[in-house]
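Heavy-atom basis, side chains included; hydrogens, waters and symmetry copies ignored. Note that the coordinates shown come from a computational prediction; the quantities given were computed from them, not determined experimentally.
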Amino acid sequence: MRGSPIFIIVFIVILLAIDAYSYWGITKITKDLRASIKRAIKILFWIVPVIIIIGLALLLSFQPHIPPSQFFIYFHFISGAFILFYVPKLIFVVFNLFDDVIFQIRKRISLIKNRSKETKSAGKLITRRKFLNQVGIVFAGIPFASLLYGIAHGRFDFTFRNVKLKFPHLPENFRGLRIIQISDFHIGTFINNSDKVQEIVKLINNQNPDILLFTGDLVNNLSSEVDPFISDLGNLKAGIGKYSILGNHDYGEYVRWKSDEKKRKNLERLILLQREMGFDLLLDESRRINIEDQFIELIGVQNWGLPPFPQYGDLKKAMKNVDETAVKILLSHDPTHWDEQVLNKTTIDLTLSGHTHGAQFGIEIPGWRWSPASIRYKRWGGLYTEGKQHLYINTGLGSIAYPGRVGMPPEITVFELCQSI
């Protein structure tokens, strides 16, 4: 967690301002209740921001003494509580502000028209104010319930998405090949939920994949996050092989390292651990996947994204020994790479990416799917096709910042390769 003391102070002041104005709206609703009930509501309301602010202060104070792999457990507790309570409060603030503006306008109009009518209309105005704030509470309760569900259940609602991909030049021996893609594990967020990692392994193995592909962000920041899960992740099975690439979080870019050497060693250890778990980690490299006398090409690049994300990947280097006539599958963590360097610039048939998480929030009905990730990313989840080239974006298994998922369940993608006529 980064931030200057001034930034943190300003952040806390903003929180308290939101709380104060929210509480002002609550008092309009509770003004007719007994004093003891109002006192209880007041205590319950203010205990949340007090806990969050104290928790934030303690986390920052003791950060140097907290084991790095444990730090993110506490960080996600604070960030989860913040999102859970302050998103609904902001919605309630909008209703409260609207109510105050309307009240002031009506009050001024009443004063101008006839001062004697002000007293008669006051009761009606107060009733309307109370109603509008009650509506605000209801609307604020919807995201609160949704976010709470996302933390308690949504982030563990592992979901399969089955996709058939057709290629006109797919070799006969590769028809029906089953490929599973997973992405954005952020394994550090599973430290207190190791049984969920075991569940993921079991779900994947039960699919009997021919090839397992992991498209980056194994960790939040540190190689030590993997330590409790080496055995579990090593149990992942695939008939032909397991292949992986690095994502932006795997490089340790979001940690204040004491030296460049420590940062480098962290990355080197993460690379060794992936290989120890049986993954063939592709660092701007390609692999020819053979079935008898036929083959396809698998290409993997290091992270390449638009700023502020790192651009370590070298696609030209990765494709140095690739047969241009073969079916080519590219693993590239950040989907923006497809538009910038792949689409209409190469003959790569399929690119598999992750990175966006689908913002860990979305709405899906038959024929339509939306996520706030669409504000930031032109392509954020699912299958995209331009001409003969395909991009598939897996919305990830783990979470970051908000320890939950709402309408955007953790994804395991199962591809079946087919030959189009």
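- Close placement of the Tyr392 and Phe415 rings is indicated, their centers lying within 6.0 Å of each other.
- Ser353 and Pro335 get closest at one heavy-atom pair: OG-CA, 3.7 Å.
- Of the inter-residue distances, the one linking Ile52 atom CD1 with Ser79 atom OG reads 10.0 Å to the nearest 0.5 angstrom.
- Of the residues listed (Asp217, Val301, Asp250, Leu352), the one engaging His333 in a side chain to side chain contact (heavy atoms under 4.5 Å, CB included) is Asp217, and it is the only one.
- Shown here are the salt bridge (charged side-chain N to carboxylate O under 4.0 Å, His left out) partners of Arg161, two or more places apart in sequence or in another chain: Glu364, Glu411.
- Using a 4.5 Å cut-off on side-chain heavy atoms (C-beta onward), Ile240 and Asp210 make contact.
- The minimum heavy-atom distance linking Gly354 with Ile393 is given by the pair O-CG2, 3.5 Å.
- Counting heavy atoms from C-beta on, the side chains of Lys328 and Thr346 never come closer than 4.5 Å.
- Rounding to the nearest 0.5 Å gives a distance of 6.5 Å between CG of Asp184 and OG1 of Thr215.
- Contact record, Lys345 with Gln341: CB-O, 3.6 Å, taken as the closest heavy-atom pair.
- Two residues are said to be in side-chain contact when any heavy atoms from C-beta on lie closer than 4.5 Å; Phe185 and Glu225 fail this criterion.
- Sparse packing is recorded around CD1 of Ile47, with 12 or fewer heavy atoms of other residues, nucleotides or ligands lying under 6.0 Å away.
- Residues Val219 and Val226 come closest through the heavy atom pair CG1-CG2, 3.4 Å.
- Between the side chain of Gln311 and the backbone N or O of Trp304, no donor-acceptor pair lies under 3.5 Å.
- You'll find the side chain of Arg269 stays beyond 4.5 Å of the side chain of Lys265, heavy atoms only.
- Contact annotation: the side chain of Met277 approaches that of Ile230 to within less than 4.5 Å [non-hydrogen atoms, C-beta and beyond].
- When each of Ile211, Thr413, Val414, Leu331 is checked for a side chain to side chain contact (heavy atoms under 4.5 Å, CB included) with Gln181, only Thr413 meets the rule.
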- Item | Residue pair Leu270, Tyr251: steps toward the side-chain contact (heavy atoms from CB on, under 4.5 Å) verdict | CA-CA 9 Å; Leu270 183 61; Tyr251 296 91; over 6 Å; no
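- Remark: side-chain polar atoms of Thr30 are not paired, donor with acceptor, to backbone N or O of Leu33 under 3.5 angstrom.
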- Message: Using side-chain contact (heavy atoms from CB on, under 4.5 Å), reason through Leu298 and Leu213 one step at a time and then give a plain yes or no.
- Response: CA-CA 10 Å; Leu298 183 65; Leu213 303 176; 3.9 Å; yes
In a table with atom names and distances, give each donor-acceptor pair under 3.5 Å that connects a side chain of residues 136-158 to protein atoms at least two apart or in another chain.
residue, atom, partner, partner atom, Å
Ser146, OG, Ile142, O, 3.0
Tyr149, OH, His153, NE2, 3.4
Arg155, NE, Ile151, O, 2.9
Arg155, NE, Pro403, O, 3.4

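- Using a 30° and 60° split on the angle between ring planes, Phe82 and Phe11 fall in the tilted class, from 30° to 60°.
- Taking a 6.0 Å sphere around NZ of Lys388, one finds it holds 12 or fewer heavy atoms contributed by other residues, nucleotides or ligands.
- Two residues are said to be in side-chain contact when any heavy atoms from C-beta on lie closer than 4.5 Å; Asp280 and Arg275 fail this criterion.
- Put simply, the side chain of Gln389 gets close to the backbone of Asn344: a donor and an acceptor are under 3.5 Å apart.
- Using a 3.5 Å distance cut-off with no hydrogens or angles, the side chains of Tyr21 and Asp100 do pair a donor with an acceptor.
- Not a single donor-acceptor pair under 3.5 Å links the side chain of Ser22 to the backbone N or O of Val93.
- Judged as a side-chain contact (heavy atoms from CB on, under 4.5 Å), and not counting sequence neighbours, the contacts of Ser36 are Arg34, Arg39.
- His186 and Asn220 form a side-chain donor-acceptor contact under 3.5 Å, judged by distance and modelled atom types alone.
- Residues Ala238 and Leu212 share a closest heavy-atom pair of CB-N, 3.7 Å.
- In this structure, the side chain of Ser371 engages the main chain of Gly358 through a donor-acceptor pair within 3.5 Å.
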- Message: With side-chain contact (heavy atoms from CB on, under 4.5 Å) as the criterion, how do Tyr243 and Ile289 come out once you've worked through the C-alpha distance, each side chain's angles and the decisive distance to 0.1 Å?
- Response: CA-CA 11 Å; Tyr243 302 87; Ile289 309 298; 3.3 Å; yes
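- Rounding to the nearest 0.5 angstrom, the gap separating the CG atom in Asp260 from the NZ atom in Lys263 is 7.0 Å.
- For the residue pair Tyr312/Asp284, the side-chain donor-acceptor check at 3.5 Å is not satisfied.
- The aromatic rings of His355 and Tyr377 sit perpendicular, their planes meeting at an angle over 60°, well past the 30° parallel limit.
- Expressed to the nearest 0.5 Å, how far CD1 of Ile187 lies from CG of Asn193 amounts to 10.5 Å.
- Here the closest non-hydrogen pair linking Gln360 and Ile400 is OE1-N, 3.0 Å.
- Between the NZ atom of Lys38 and the CD1 atom of Ile29 there is a distance of 13.0 Å, given to the nearest 0.5 Å.
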- Message: Is there a side chain to side chain donor-acceptor pair (under 3.5 Å) between Asn266 and Trp257? Walk through the geometry before answering.
- Response: CA-CA 10 Å; Asn266 176 73; Trp257 297 98; over 6 Å; no
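- Atom CG of Asp195 has more than 12 heavy atoms from other residues, nucleotides or ligands within 6.0 Å.
- For Tyr74, there are no ring-ring contact (aromatic ring centres under 6.0 Å, His included) partners two or more places apart in sequence or in a different chain.
- Taking the ring-ring contact (aromatic ring centres under 6.0 Å, His included) definition, one finds that Phe229 meets it with nothing, sequence neighbours left out.
- Between Lys242 and Lys237, every side-chain heavy-atom pair lies at or beyond the 4.5 Å cut-off.
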- Yes or no on side-chain contact (heavy atoms from CB on, under 4.5 Å) for Ile299 and Met319, after CA distance, side-chain angles and deciding distance? CA-CA 7 Å; Ile299 308 158; Met319 294 187 66; 4.1 Å; yes
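- In this structure, NZ on Lys202 lies 14.0 Å from CG on Leu236, to the nearest 0.5 angstrom.
- Every residue two or more places apart in sequence or in another chain that forms a side-chain contact (heavy atoms from CB on, under 4.5 Å) with Pro49 is listed here: Asp19, Trp46, Tyr86, Lys89.
- By the 4.5 Å heavy-atom criterion applied to side chains, Leu273 and Asp227 are counted as neighbours.
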